[in-house]
2 protein chains.
Amino acid sequence: MTAADIGGRLTELALERRRERSSAADVAAAVLRDLILEGALPPGSRVSEEAFIGPLEVSRNTLREAFRLLTHERLLVHKLNRGVFVRRLDAADVKDLFQVRRLIECSALLSAGKAGVPTLSAAVEVGERAAAAGRWVDVGTANLRFHQAIAGLVGSRRIDELMHQVAAELRLGFHEMGDPKAFHESYLTRNRGIVHTLAAGDAMRAESQLRAYLNDAEYEMLDIIGRR
Amino acid sequence: MTAADIGGRLTELALERRRERSSAADVAAAVLRDLILEGALPPGSRVSEEAFIGPLEVSRNTLREAFRLLTHERLLVHKLNRGVFVRRLDAADVKDLFQVRRLIECSALLSAGKAGVPTLSAAVEVGERAAAAGRWVDVGTANLRFHQAIAGLVGSRRIDELMHQVAAELRLGFHEMGDPKAFHESYLTRNRGIVHTLAAGDAMRAESQLRAYLNDAEYEMLDIIGRR
DNA sequence: GCTTGTCATATTGTTCAACAATCCTCAAAC
DNA sequence: GTTTGAGGATTGTTGAACAATATGACAAGC
């Protein structure tokens with residue numbers, strides 16, 4: 001992670017700021033968010049005010065506001081008097097995240113039933129196209145999007161935001177897990193299977209398949225993160 | 001809402017700060033949060049930096065950090081270049097909040113079944129005691145706590161935080177609804193009924209009762225807020 | 001009387017410098 | 001090897017200053 005990385009990102013986002021009337025704190029937060037989510041700022045690393053005011057071209061106060069934004073998004077963790085760090089998921093986090101997912105995704109899928117098929121089918125296809133092109137990071141992203149789409153069947157803004165947050169936190173976990181192909185590859189066919197079952201009218205069986213997927217993904221993630 | 005109100009609150013919270021190692025921004029946010037939740041800062045009212053730095057005894061920059069905290073909690077809404085306001089729930093907010101509640105509370109109740117009875121029974125009792133003493137604001141608080149306890153049966157930190165947030169937002173709505181007795185009184189017996197049904201082993205019927213309650217509460221709240 | 005334009009003011013957004021407070025590291029003493 | 005103290009780095013906060021934005025008041029024109 002170099003100042004040059006941030007510099008380039010800043011240019012893009014400065015344009016976006018002009019378009020979207022964002023504040024400087026929002027822009028700085030957006031740059032940091034991107035860097036965290038792509039793994040350029042690894043989990044556990046320190047994000048010191050002094051080191052980032054230059055590349056982000058903001059004052060310390062503005063950067064502190066940006067930090068507040070990102071700590072609430074759980075991407076950063078703020079330790080009073082000791083600074084701000086990129087969050088590192090622990091086993092309890094992983095368990096909780098999957099608990100949330102089971103509660104929401106399974107309930108949403110059951111409630112939506114067949115009506116959810118077009119949306120979910122489209123979401124699976126995105127992943128299948130990325131896999132066909134060997135873009136495994138994109139497959140991971142598409143997988144997360146598929147699952148967000150399940151929760152999105154509820155049609156609730158707050159649930160969408162929660163699941164967006166959950167997805168972001170999961171990505172922190174993925175950065176510690178290495179090879180995206182190994183993790184996401186098998187799940188594509190499972191996602192397709194869930195959609196098929198749903199399309200066949202068996203919402204309860206689809207829900208069971210989804211639950212089984214979530215349990216397996218949790219187990220796999222805990223296997224690595226719990227072993228750290 | 002006077003400066004004296006804030007002054008007294010500040011003294012309490014200054015003590016708490018010493019105990020809990022909170023930052024000044026956290027303390028300021030806590031004072032404002034309390035004022036908002038008790039209705040001393042009514043929904044829609046402006047919270048200007050200049051007016052609050054004195055009573056809160058912080059600098060503008062620190063206050064801005066506090067605002068960031070509270071906007072993320074949805075208690076304040078930040079309008080770029082125009083200031084910060086206490087959030088005012090609209091009809092769409094109400095609908096979304098109840099959608100979240102239905103998804104989470106109903107699913108949690110179904111999953112917990114009889115195992116949830118002791119916790120929920122205790123929560124109902126708190127409300128019943130408050131009602132017996134005619135403390136209707138406390139009844140409202142106990143009612144919210146009962147419903148948070150349902151969601152708490154999941155045992156997920158993130159779900160608890162979400163429902164804590166939902167409860168805070170609902171309180172904003174209650175401030176616009178007038179008489180707490182009228183709103184909360186009938187719900188006590190309904191809560192007791194839900195717990196009885198659950199204790200009798202009929203989780204599905206308890207879930208239906210809960211869903212019906214949520215639908216009625218939503219309807220009632222929308223009747224007032226939608227009419228504004 | 002109504003509309004438009006200008007100007008002044010209030011407020012927000014941000015920067016910067018300074019100081020206080022806290023934490024961490026390293027060296028010295030035991 | 002352990003403990004203690006000093007120094008430096010960093011964070012937390014304050015306050016002043018300036019830039020930017022929005023709003024309101026007032027005057028001029030129709």
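Bear in mind the structure is a predicted one, so any value in this text is a computation, not a measurement. In what follows, chains carry the letters A, B, and so on, assigned in the order in which the sequence lines appear, proteins first and then strands, with residues in each chain numbered from 1.
Taking atom CG on A/Leu76 and atom C1' on D/dT11, their separation rounds to 15 Å, with Å as the unit. The CG atom of B/Asn81 sits 8 Å away from the P atom of C/dT14 (whole-angstrom rounding). To the nearest angstrom, P of D/dT10 lies 17 Å from NZ of A/Lys79. Taking atom CD of A/Glu57 as the reference point, atom C1' of C/dT15 lies 13 Å away to the nearest angstrom. For B/Arg60 and D/dG15, the CZ to P distance is 12 Å, given to the nearest whole Å. Between the CD atom of B/Glu49 and the C1' atom of C/dT14 there is a distance of 11 Å, rounded to whole Å.
Taking only side-chain atoms of A/Leu80, from C-beta outward, the nucleotide of D/dG15, D/dA22, D/dG12 with the closest atom is D/dG12. Comparing C/dC23, C/dG13, D/dA22 by their nearest atom to the side chain of B/Arg82 picks out D/dA22.
A/Glu218 and A/Arg101 are not joined by a salt bridge, as no carboxylate oxygen comes within less than 4.0 angstrom of a charged side-chain nitrogen. Using a 4.0 Å cut-off between charged nitrogen and carboxylate oxygen, A/Glu161 and B/Arg74 count as a salt-bridge pair. Between A/Glu176 and A/Arg88 there is a salt bridge, since at least one side-chain N of the basic residue sits less than 4.0 Å from a carboxylate O of the acidic one.
No close placement of the A/Phe85 and A/His78 rings is indicated, their centers lying 6.0 Å or farther apart.
In this structure, a donor-acceptor pair under 3.5 Å is present between the side chains of A/Glu220 and A/Tyr187.
Within residues 61-73 of chain B, the residues that place at least one heavy atom under 4.0 Å from DNA chain D are, in residue-number order, B/Asn61, B/Thr62.
Rounding to the nearest 0.5 angstrom, the gap separating the CG atom in A/Leu162 from the CZ atom in A/Arg157 is 13.5 Å.
Residue B/Val84 is classed as having no contact, given no heavy-atom separation below 4.0 Å to the nucleic acid.
Side-chain N/O atoms of B/His78 include none lying less than 4.0 angstrom from OP1 or OP2 on C/dT12.
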